[in-house]
Asker: 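Below is one structure. I have some questions about it.
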Amino acid sequence: MDAGKAKRLASELDAYAHWYIDPDPSSDGHYLTLTLYAEFADAARMARDMTAVFLRRSGVESVVDDARLAVSELVGNVVNHAVPDLHLSYPGGCRRIDVSFKMWPKWLFIGVTDEDSTPPLLPYVEPFSPGLAGELSEAVLPDAGRGLLIVQRLATAVWWTPHERGGKTVWCRFDLDESGADTSA
């Protein structure tokens with residue numbers, strides 16, 4: 001294994017381990033959870049705006065645009081596709097969306113939680129090579145999975161976790177260097 005692969009693997013393992021260990025409150029972490037409702041017409045815009053405010057106040061200007069787009073796609077998926085599990089819904093009730101931000105000096109984790117236990121369809125490969133897709137009409141490109149494909153291209157990692165009570169969280173991670181700059185590209 002070359003040095004570059006070893007360093008990347010070590011970074012992935014470090015981020016993975018850090019995610020499952022409670023962070024030290026003195027580790028310069030920044031946290032925010034925003035609750036929205038899918039029936040609110042401006043849910044995606046509000047999530048984008050709050051993403052920008054949180055990241056700018058946390059000093060992570062370089063990743064604001066990518067994170068805003070990722071949050072917009074993830075919230076849009078909830079608004080357009082999530083159907084709450086029967087035990088979590090009630091007549092006349094609104095669909096709850098929680099957007100969570102967890103930032104440490106090296107990572108930004110963003111999670112979008114909904115009340116639908118159905119796993120997201122994370123795309124594994126592109127349906128066409130990038131060169132060929134540029135020549136194709138949008139009519140032949142897939143309708144499903146484009147938002148998550150965008151999130152996968154912007155973020156370092158994308159995954160989801162089910163909840164015991166029902167529902168799920170779709171997560172994405174942006175790697176940051178010590179100065180807070182995005183290093184995922």
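These values consider heavy atoms only, across backbone and side chains, with no hydrogens, waters or symmetry-generated copies. Owing to the predicted nature of the structure, the values given are computational and were not obtained by experimental measurement.
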Asker: Nearest 0.5 Å please: distance from the CH2 atom of W160 over to the CG atom of L121.
Answerer: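 One gets 10.5 Å once the value is rounded to the nearest 0.5 Å.
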Asker: Could you check whether any side-chain N or O of S117 sits under 3.5 Å from a backbone N or O of G167, counting only pairs where one atom can act as donor and the other as acceptor?
Answerer: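 Indeed, once roles are kept as given, a pair shorter than 3.5 Å links the two residues.
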Asker: Quick check for you: to the nearest 0.5 Å, what is the distance between F54 atom CZ and T33 atom OG1?
Answerer: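 Going from the CZ atom of F54 to the OG1 atom of T33 covers 9.0 Å.
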Asker: Are the side chain of R95 and the backbone of A82 linked by a donor-acceptor contact shorter than 3.5 Å?
Answerer: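 At least one qualifying donor-acceptor pair exists.
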Asker: If you look at every heavy atom in G147 and E73, which pair is closest and at what distance?
Answerer: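 For G147 versus E73, the nearest heavy atoms are CA-OE1, 3.2 Å.
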Asker: Is there side-chain contact between L148 and L74, with heavy atoms separated by less than 4.5 Å?
Answerer: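 Yes. Closest side-chain heavy atoms under 4.5 Å.
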Asker: So, are D85 and R165 salt-bridged, with charged N and O less than 4.0 Å apart?
Answerer: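 Looking at D85 and R165, the cut-off is not met.
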Asker: Please give me the minimum heavy-atom distance between V71 and F101, naming the atom from each residue.
Answerer: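 Scanning both residues completely, I find the closest heavy atoms to be CG2-CE2, 4.2 Å.
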Asker: For L154 versus A70, what's the shortest heavy-atom pair and its separation?
Answerer: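 Minimum heavy-atom separation between L154 and A70: CD1-N, 4.1 Å.
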Asker: Check whether any side-chain heavy atom of R173 lies under 4.5 Å from a side-chain heavy atom of W159, and answer yes or no.
Answerer: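 Yes, close enough: below the 4.5 Å cut-off.
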Asker: How far apart are the closest heavy atoms of Y37 and A43, and which atoms are they?
Answerer: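 Result for this residue pair: O-CB, 3.7 Å.
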Asker: Which is it for R68 and D66 under the salt bridge (charged side-chain N to carboxylate O under 4.0 Å, His left out) test, yes or no, and what are the steps along the way?
Answerer: CA-CA 5 Å; R68 286 183 73 213; D66 288 349; over 6 Å; no
Asker: Given the rule that I, L, V, M, F, W and Y join up when any side-chain heavy atoms are under 4.5 Å apart, are W171 and Y31 in one cluster?
Answerer: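 As far as the 4.5 Å side-chain criterion goes, Y31 and W171 are connected within one cluster.
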Asker: What's the spacing between D175 CG and W107 CH2 if we round to 0.5 Å?
Answerer: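 Interatomic distance, D175 CG to W107 CH2, rounded to 0.5 Å: 8.0 Å.
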Asker: Among the clusters formed by ILVMFWY side chains lying less than 4.5 Å apart, do V75 and L88 turn up in the same one?
Answerer: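 No; L88 is not reachable from V75 via cluster members.
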Asker: Return the minimal non-hydrogen interatomic distance between C172 and V158, and the atom names on each side.
Answerer: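 It is CB-CG2, 4.1 Å.
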Asker: Kindly indicate, with the supporting measurements, whether the criterion side chain to side chain contact (heavy atoms under 4.5 Å, CB included) is fulfilled by V60 and L176.
Answerer: CA-CA 9 Å; V60 188; L176 308 171; 3.9 Å; yes
Asker: What is the distance from atom CG of L69 to atom CZ of R153, rounded to the nearest 0.5 Å?
Answerer: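 With rounding to 0.5 Å, CG (L69) is 13.5 Å from CZ (R153).
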Asker: Can you sort out the partners of R48 under salt bridge (Lys or Arg N to Asp or Glu O under 4.0 Å), two or more places apart, ordered by chain and number?
Answerer: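 Salt bridge (Lys or Arg N to Asp or Glu O under 4.0 Å) list for R48, sorted by chain: empty.
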Asker: In residues 108-116, what donor-acceptor pairs under 3.5 Å come from side-chain atoms, sequence neighbours left out?
Answerer:
{"unit_1": "T113", "atom_1": "OG1", "unit_2": "T169", "atom_2": "OG1", "d": "2.6"}
{"unit_1": "D114", "atom_1": "OD1", "unit_2": "D116", "atom_2": "N", "d": "2.8"}
{"unit_1": "D114", "atom_1": "OD1", "unit_2": "K168", "atom_2": "NZ", "d": "3.1"}
{"unit_1": "D114", "atom_1": "OD2", "unit_2": "K168", "atom_2": "NZ", "d": "3.1"}
{"unit_1": "E115", "atom_1": "OE1", "unit_2": "R96", "atom_2": "N", "d": "3.3"}
{"unit_1": "D116", "atom_1": "OD1", "unit_2": "T118", "atom_2": "N", "d": "2.8"}
{"unit_1": "D116", "atom_1": "OD1", "unit_2": "T118", "atom_2": "OG1", "d": "2.8"}
{"unit_1": "D116", "atom_1": "OD2", "unit_2": "V83", "atom_2": "N", "d": "3.0"}

Asker: Any side-chain to backbone donor/acceptor pair from T156 onto F174? Under 3.5 Å, distance only.
Answerer: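 The answer is no, because no donor-acceptor pair under 3.5 Å joins these two groups.
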Asker: Do you know which of I97, V99, L36 makes side chain to side chain contact (heavy atoms under 4.5 Å, CB included) with M46?
Answerer: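 Exactly one pass, corresponding to L36.
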